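Start at 1 and go down the list; that is how both ligands and their atoms are numbered. Keep in mind that this is a model prediction, so the values were computed, not measured. When a residue number appears, it is its place in the shown sequence, counting from 1.
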Amino acid sequence: MGLLGFCDLALLGLLLNAVVTFCNGGTTSAFVRPVEKTVDMPLHIDVFQAPPGYNAPQQVHITQGDHVGKGVIVSWVTMDEPGSSTVLYWSENSKLKNKAMGTTVTYKYYNYTSGYIHHCTIKNLKFNTKYYYEVGVGQSTRTFWFTTPPAVGPDVPYTFGLIGDLGQTYDSNKTLTHYELNPSKGKTVLFVGDLSYADHYPNHDNERWDTWGRFVERNTAYQPWIWTAGNHELDFAPEIGETEPFKPYTHRYYVPYKASGSTAPFWYSIKRASAYIIVLSSYSAYGKYTPQNQWLEAELPKVNRKETPWLIVLMHSPWYNSYNYHYMEGETMRVMYEPWFVQYKVDVVFAGHVHAYERSERVSNVAYNIVNGVCAPVRDLSAPVYITIGDGGNIEGLATDMTEPQPKYSAFREASFGHAIFDIKNRTHAYYSWHRNQDGYAVEADSLWFFNRYWHPVDDSTSVQ
Ligand SMILES: [Fe+2]
């Protein structure tokens with residue numbers, strides 16, 4: 001026994017017990033990425049080159065153009081003159097070309113003047129159909145294609161890609177390449193904010209918005225990207241006279257917000273196949289009585305899980321994040337909206353902002369009131385899984401510093417760049433995988449079977465990594 005008496009032993013036992021209990025978090029990956037500097041790709045390399053030809057359309061990108069997936073917004077930029085905002089489109093099995101008329105906008109930002117930014121909404125397309133579309137005029141037309149999703153329905157399989165905080169570094173290019181070559185083949189990208197990081201350059205050099213648009217065109221022209229606004233979209237710079245938040249972003253990236261009754265492009269919803277996707281803005285007012293709050297309160301009861309079983313939320317700033325970066329920045333929005341996410345059984349929340357990967361357990365932290373002091377996250381099968389996927393590879397580099405010990409709410413975390421795939425099989429099951437850039441294209445570094453919260457509420461998600 002030596003010098004320790006019974007009380008000392010009891011105390012030691014309690015302490016050890018406490019340590020064991022407190023350390024009962026998830027997995028911090030054993031994979032440690034070599035620390036390398038994240039470097040922007042230089043302007044002269046091929047990913048940034050403008051297409052040949054006078055006034056040739058560039059930075060072509062598409063997104064969903066209505067609430068159900070029968071519409072597509074086509075956007076592109078011409079540099080020399082306005083040209084035409086018309087899109088010609090035809091289905092794979094038809095020679096008949098249809099026309100949709102668009103609009104052109106420009107903007108100025110400090111000493112930068114944008115090219116002619118065209119936006120054209122094509123409506124009333126057939127579901128599950130491949131369409132070709134042509135933009136530009138004269139010698140400089142360019143043709144791309146997309147496939148519309150199947151009609152909305154509860155058992156429609158559909159595969160989404162997840163990318164966040166992409167930027168335009170060599171790592172960004174790796175992430176995009178890995179997504180493109182992933183055999184799981186996402187059909188639509190859910191992008192969780194922070195696109196170009198143009199604000200990293202002097203005076204928010206908006207040329208970098210153009211280079212980013214050219215870099216991602218190889219994917220955004222063919223797959224809809226569902227946009228979420230991040231802090232790097234704010235471009236709020238009163239020191240150079242730029243006081244209109246989100247100016248470049250809102251001129252360049254149109255979203256179908258009016259189709260879901262939203263009054264601003266920062267929060268909106270779409271249905272796509274068997275998914276109902278709600279996009280929120282971490283950087284717009286969300287408190288009681290604000291437009292976003294009113295919209296979300298009215299929106300959640302409208303989700304019919306018998307029609308769209310999978311309820312997915314996108315936002316930029318994560319609510320559950322155990323890295324020492326942006327720690328608790330999402331806390332005030334969590335306080336406002338988490339009770340609704342539990343009540344309406346949101347399946348999964350994807351966020352970015354933290355430049356690493358993390359997946360939570362199903363937890364909630366909604367018991368607190370100012371009297372009871374109950375403020376710890378608890379296991380909750382009605383709660384979403386929270387996934388931080390801000391690991392696209394931007395210029396700010398990797399978030400490597402983690403809070404220790406790993407909190408209980410954190411199921412898996414790793415400081416690597418990558419992307420994820422959310423593969424909906426039917427109304428009850430979806431398969432989720434995360435892919436780090438260091439691996440081969442098919443390797444899953446983290447994965448999970450999701451059991452739908454509405455159709456399968458009693459089972460917990462089971463990790464199969
Ligand atoms: Fe961010």
(message) For a 4.5 angstrom cut-off between non-hydrogen side-chain atoms, does Gln59 reach Asp210?
(response) yes

(request) Check each of Lys271, Arg427, Lys302 against Glu307 using the salt bridge (charged side-chain N to carboxylate O under 4.0 Å, His left out) test, and report the only one that passes. (result)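 For Glu307, the salt bridge (charged side-chain N to carboxylate O under 4.0 Å, His left out) test succeeds with only one of Lys271, Arg427, Lys302, which is Lys271.
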
[X] backbone or side-chain N/O/S under 2.8 Å from the Fe ion (ligand 1):
{"X": "Ser317", "answer": "no"}
{"X": "His316", "answer": "yes"}
{"X": "His232", "answer": "no"}

(request) Taking all heavy atoms of Pro377 and all of Val363, pick out the closest pair and write down the distance. (result)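 Where Pro377 meets Val363 most closely, the heavy atoms are CB-CB, 4.3 Å.
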
(request) Look at the aromatic rings of Phe48 and Phe215 and report parallel, tilted or perpendicular, splitting at 30° and 60°. (result)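 If you compare the ring of Phe48 with that of Phe215, the planes turn out perpendicular.
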
(request) Taking the Fe ion (ligand 1) as the reference point, name the nearest N/O/S atom of Asp194. (result) OD2

(request) Specify which N/O/S atom of His353 comes nearest to the Fe ion (ligand 1), by atom name. (result)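 Atom name returned: ND1.
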
(message) Assess whether a salt bridge exists between Arg142 and Glu217, defined as any Lys/Arg side-chain N lying under 4.0 Å from an Asp/Glu carboxylate O.
(response) yes

